[in-house]
Structure formats: C-alpha cells, structure tokens
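Working notes for the structure below.
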Amino acid sequence: MQKAMLSGALLLLFLGGLLFSTGVFQFILQTVTFTIVVILMLVFLSSLVKGKTPIITRYALLIGAEDSLEERAYTRKVTWLWCCFLVALFTVKLAGFLDYSLTERVGLVELVFYMGTAVLFAGEFYIRPLFLPKHRGSSLWPFIVQLGHISFKDIWLFDSIKGGG
C-alpha cells in the first residue's frame, strides 16, 4: 500500500511539474513522457509482427488465461487498440516538439496519457466479459496484482520460451 501511495505522489509531482514548470525542467519532463510513449508504442507495435505473440496476449497467457483462438483474437484486437492510442499520443507530442502545437495547454497530452491509460485499462477489463464469457466475475484489483507479479523478462522472452504466436 505504501508503494502505491508513493507511486501516486510521484505521479502527481510529475504532472504538477508538467503543468507549472518552465524552461529546461519543462523540456526534460516533456522528453520523459515522449520517451515513455515511444518505447511503449514500439513494444506494442513490434509485438504485432507476424509470428510474434501480441503483448496483451502474453500478459493474458502468463496470468493463466485459456489459450484459445477467441482469447488470442480478442487480445490481438486490444493490442491494436493500445497501439492506436499510443500512436495518437505520439503524433500530438511530436507535433508539440516540432512547434506545431495541437493543444493549447502544456501538460494536456500527459494528462490524457495517464488518465487515458487508466480509463482504457479499466474500461477494457470491464468490457472483456462481453467478448470472453469465461472472464465473468473477475475483480479489477486482484487482476492488477496478478499483472504486477509478471516480470518484464517473462514478457520479453515469451515467444522464445513458449514458441511464439
């Protein structure tokens, strides 16, 4: 619980810095967010290459989801949805760096990134049972805890260990 509170406080401090700072500090914070978006976008997009297992499918299978065609098709679509979200954020951030501001407020993209991520994550969790009935009755918090126990190494090496998608 203390870890979550510390993470939340750091996130609020970061967002506050984005909204109220100027100059070099503002540029550094903007660059951090841009870098996070680029890394996530590349990871998600690269997982959609033929012969690879989509990143969301990897997570689902590692937390014990049934390895079925329906599960794989659904999680591939969700991975595409995340890619679209990240590409849109990347486009807006890049335009801002190139001085073609698509938003008037500094920090708005970051706010959309963090809030959008939370909404997309939770929204998909609650919509999933409509498409995958075996997921009915799941609770969000235990699901988040399960995801937190998966190492990035397991995600990264998934295809070489499991044999690909």
Side-chain angles (χ1 to χ4, degrees), residues 1-63 75-128 140-141 143-161 164-165:
M1 188 57 127
Q2 288 178 340
K3 202 177 197 182
M5 289 176 57
L6 179 62
S7 298
L10 288 174
L11 180 59
L12 286 175
L13 183 64
F14 181 77
L15 289 175
L18 283 168
L19 292 171
F20 302 114
S21 67
T22 57
V24 174
F25 188 63
Q26 176 66 229
F27 181 76
I28 291 168
L29 293 174
Q30 294 286 339
T31 303
V32 167
T33 302
F34 183 73
T35 303
I36 291 168
V37 169
V38 168
I39 290 169
L40 287 172
M41 182 182 70
L42 291 175
V43 167
F44 275 67
L45 285 170
S46 69
S47 77
L48 289 166
V49 174
K50 185 178 173 86
K52 289 197 164 211
T53 305
I55 196 84
I56 303 294
T57 307
R58 295 176 195 189
Y59 273 101
L61 295 175
L62 286 170
I63 63 171
T75 53
R76 177 173 286 279
K77 289 174 189 171
V78 172
T79 304
W80 273 110
L81 179 65
W82 276 98
C83 285
C84 292
F85 174 67
L86 292 166
V87 166
L89 288 172
F90 169 79
T91 303
V92 173
K93 280 302 284 178
L94 185 61
F97 276 131
L98 297 175
D99 219 16
Y100 298 108
S101 182
L102 300 176
T103 63
E104 295 300 316
R105 286 253 351 195
V106 171
L108 182 63
V109 174
E110 288 74 17
L111 184 64
V112 169
F113 171 65
Y114 292 108
M115 297 291 289
T117 298
V119 168
L120 186 55
F121 181 84
E124 187 279 321
F125 176 82
Y126 288 111
I127 290 171
R128 182 181 317 145
L140 184 59
W141 187 249
F143 174 68
I144 292 170
V145 170
Q146 280 183 307
L147 290 177
H149 286 95
I150 297 172
S151 74
F152 291 119
K153 181 181 176 186
D154 290 341
I155 293 296
W156 189 257
L157 298 175
F158 184 88
D159 284 333
S160 61
I161 294 168

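Between the CD atom in Gln146 and the CG atom in Leu62 there is a gap of 11.0 Å [rounded to 0.5 Å]. Atoms NZ and CG, on Lys93 and Leu86 in that order, are 13.5 Å from each other to the nearest 0.5 Å. Residue Thr75 holds its OG1 atom at 14.0 Å from CH2 of Trp82, rounded to the nearest 0.5 Å. Separation of atoms CZ (Arg76) and OG1 (Thr53) is listed at 8.0 Å; rounding is to 0.5 Å. Rounding to the nearest 0.5 Å places CG of Leu89 at 11.0 Å from CZ of Phe34.
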Item checked: Candidate pair Phe85 and Leu81, rule side-chain contact (heavy atoms from CB on, under 4.5 Å), full reasoning -> CA-CA 6 Å; Phe85 174 67; Leu81 179 65; 6.0 Å; no
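Evaluation of the ring-ring contact (aromatic ring centres under 6.0 Å, His included) rule for Phe143 yields Phe121, Phe125 as partners, not counting sequence neighbours.
Ion pairing between Asp154 and Arg58 fails under the 4.0 Å rule for side-chain N and carboxylate O.
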For a quick test of your reading: what N or O donor-acceptor pairs under 3.5 Å do the side chains of residues 36-50 make, sequence neighbours left out?
residue: Ser46; atom: OG; partner: Leu42; partner atom: O; Å: 2.9
residue: Ser46; atom: OG; partner: Val43; partner atom: O; Å: 3.0
residue: Ser47; atom: OG; partner: Phe44; partner atom: O; Å: 2.8
residue: Ser47; atom: OG; partner: Ile55; partner atom: N; Å: 3.0

